[in-house]
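Computed from a predicted structure; not experimentally measured.
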Amino acid sequence: MKRRGLLTALGLMLALTGGAGPVAAEAPLRVVATFSILGDLVRNVGGEAIALTTLVGADSDAHVYSPQPRDAMALARADIIFVNGLGFEGWIDRLIASSGTSAPVVVAATGVRARGMTGDHASPDPHAWQTLGNAMAYVDNIRDGLATADPANAAHYRARAATYTARLKALETRTLEAFDAIPPARRKVVTSHDAFGYFEDAYGVEFLAPVGVSTEGEASAADVARLIRQIRAEGISAIFVENVTDPSLVQQIARDTGVAIGGRLYSDALSGPAAPARTYIDMFSHNLDALTRAMTAGP
Ligand SMILES: [Zn+2]
């Protein structure tokens with residue numbers, strides 16, 4: 001990162017003249033993000049000033065991931081590493097240690113109020129990215145991390161973070177208005193695993209799930225039977241499959257209860273290019289539209 005120090009003066013000049021474009025370094029900052037959703041937030045802040053490697057790609061489950069040799073190589077060459085934290089990437093500490101990297105590691109969820117321990121495992125709920133307010137905190141942490149690692153481009157990162165945060169704020173307003181228009185009794189759905197706790201708290205939607213906050217767990221027959229009783233008793237609007245989990249269990253629950261499948265939610269990963277969750281904002285918009293459609297159409 002020393003080569004970047006030489007460019008600080010130039011970056012300062014650009015900042016003073018109002019230029020927020022990236023400084024033409026001899027090579028972009030090498031950045032690693034652990035999973036696709038975080039990678040998209042980092043890309044939005046970093047723009048053309050960074051070369052981004054994302055370890056766990058689209059439609060892949062970062063709770064359970066087997067790191068590849070290329071992941072250790074990416075970490076070894078990185079100038080800065082972004083992780084979610086909150087225990088989401090259980091494999092990352094060993095991978096970082098074995099890679100020998102000396103790059104700073106930024107926990108994107110720093111400062112987010114973690115949801116309490118759920119289930120019998122005393123661990124925080126890692127899915128903090130599922131509220132727009134938390135995504136804004138991630139963006140602040142990403143901006144500060146990039147600006148520290150690459151001070152020559154600090155103005156560029158600040159400008160891009162501000163622009164992107166304005167888009168998140170607009171989507172937050174739309175989200176609050178959309179759920180406000182739906183009676184609370186209709187705001188109940190089922191998903192595969194417990195990935196929407198933060199979303200639930202922020203937007204007044206109740207999510208039931210047969211599997212806990214990590215996809216590592218498996219639903220017991222008793223858990224499923226309890227959930228089915230709850231679905232019948234409480235009047236659930238829809239059941240959703242997820243892009244990172246096997247849909248067969250929730251499909252079975254839908255058959256057993258006669259509740260409609262409301263579509264697919266993107267919980268822990270973005271979609272590939274042919275599906276509607278290619279970016280964080282697209283993912284959130286898709287989930288919002290799928291949920292509100294099911295809640296207004298249901299039985
Ligand atoms: Zn998850």
Undergrad: According to salt bridge (charged side-chain N to carboxylate O under 4.0 Å, His left out), who are the partners of Asp246, at least two apart in sequence or on a separate chain?
TA: none
Undergrad: Identify each donor-acceptor pair in which a side-chain atom of residues 171-182 lies under 3.5 Å from a protein atom, sequence neighbours left out, and give them as a table.
TA:
unit_1	atom_1	unit_2	atom_2	d
Thr173	OG1	Lys169	O	3.2
Arg174	NH1	Asp289	OD1	3.3
Thr175	OG1	Leu171	O	2.7

Undergrad: Mind checking what makes salt bridge (charged side-chain N to carboxylate O under 4.0 Å, His left out) contact with Arg43, not counting sequence neighbours?
TA: Asp40
Undergrad: Does the side chain of Asp61 pick up a donor-acceptor pair with the side chain of His63 at under 3.5 Å?
TA: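 Short answer, no.
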Undergrad: Which residues pass the side chain to side chain contact (heavy atoms under 4.5 Å, CB included) test with Thr110, sequence neighbours left out?
TA: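 Result, side chain to side chain contact (heavy atoms under 4.5 Å, CB included) vs Thr110: Val107, Asn141.
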Undergrad: Do Gln130 and Asn134 pair up side chain to side chain, a donor and an acceptor below 3.5 Å, judged on atom types alone?
TA: no
Undergrad: Please, which pairs that meet salt bridge (Lys or Arg N to Asp or Glu O under 4.0 Å) have at least one residue in residues 81-109, sequence neighbours excluded?
TA: none
Undergrad: Do side-chain atoms of His193 reach the backbone of Ala209 as a donor and acceptor pair under 3.5 angstrom?
TA: no
Undergrad: Checking the side chain of Arg186 only, and the main-chain atoms of Met295 only, is there a donor and an acceptor separated by less than 3.5 Å?
TA: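 It does hold such a pair.
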Undergrad: Just verifying a value: how many Å separate Ile231 CD1 and Leu227 CG, rounded to the nearest 0.5 Å?
TA: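 These two atoms lie 4.0 Å from each other.
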Undergrad: Any salt bridge (Lys or Arg N to Asp or Glu O under 4.0 Å) involving residues 262-272? Give me the pairs, sequence neighbours left out, ordered by first then second residue.
TA: none
Undergrad: Taking the side chain from Ser60 and the backbone from Ala58, do they hold a donor-acceptor pair closer than 3.5 Å?
TA: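 Yes: the side chain of Ser60 pairs with the backbone of Ala58.
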Undergrad: Only counting residues at least two apart or in another chain, list the ones meeting side chain to side chain donor-acceptor pair (under 3.5 Å) with Ser271.
TA: none
Undergrad: Which atom pairs, donor and acceptor, lie under 3.5 Å between side-chain atoms of residues 81-88 and protein residues at least two apart or in another chain?
TA:
unit_1	atom_1	unit_2	atom_2	d
Asn84	OD1	Tyr138	OH	2.3
Asn84	ND2	Pro126	O	3.1

Undergrad: How long is the gap from OG on Ser36 to CZ on Arg278, to the nearest 0.5 Å?
TA: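 Here the interatomic distance stands at 13.5 Å.
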Undergrad: Can you tell me which residue pairs pass the side chain to side chain donor-acceptor pair (under 3.5 Å) test with a partner in residues 222-236, sequence neighbours excluded?
TA: Lys188-Glu234, Ser220-Asp223, Asp223-Arg226, Gln230-Glu234
Undergrad: Using 30° and 60° as the class boundaries, would you call the ring planes of Phe284 and Tyr280 parallel, tilted or perpendicular?
TA: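 Tilted, since the angle between the ring planes falls between 30° and 60°.
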Undergrad: Does anything in residues 197-212 pair up under side chain to side chain donor-acceptor pair (under 3.5 Å), and if so which pairs, sequence neighbours excluded?
TA: Arg115-Asp201
Undergrad: Please test Ile80 against Asp150 for side chain to side chain contact (heavy atoms under 4.5 Å, CB included), starting from the C-alpha separation and ending with a verdict.
TA: CA-CA 9 Å; Ile80 185 167; Asp150 182 15; over 6 Å; no
Undergrad: Tell me whether Leu270 shares a hydrophobic cluster with Leu288, the cluster being built from Ile, Leu, Val, Met, Phe, Trp, Tyr side chains joined at under 4.5 Å.
TA: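 Result: yes, single cluster for both.
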Undergrad: Run the side chain to side chain contact (heavy atoms under 4.5 Å, CB included) test against Ala154 and tell me which residues pass, sequence neighbours left out.
TA: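 With sequence neighbours excluded, Ala154 shows a side chain to side chain contact (heavy atoms under 4.5 Å, CB included) to Ala147, Arg158, given in chain and number order.
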Undergrad: Going by atom type alone, with no hydrogens or angles, which donor-acceptor pairs under 3.5 Å involve a side-chain atom of residues 66-77 and a protein atom two or more places apart or on another chain?
TA:
unit_1	atom_1	unit_2	atom_2	d
Gln68	NE2	Ser66	O	2.8
Asp71	OD2	Tyr65	OH	2.7
Asp71	OD2	Gln68	N	2.8

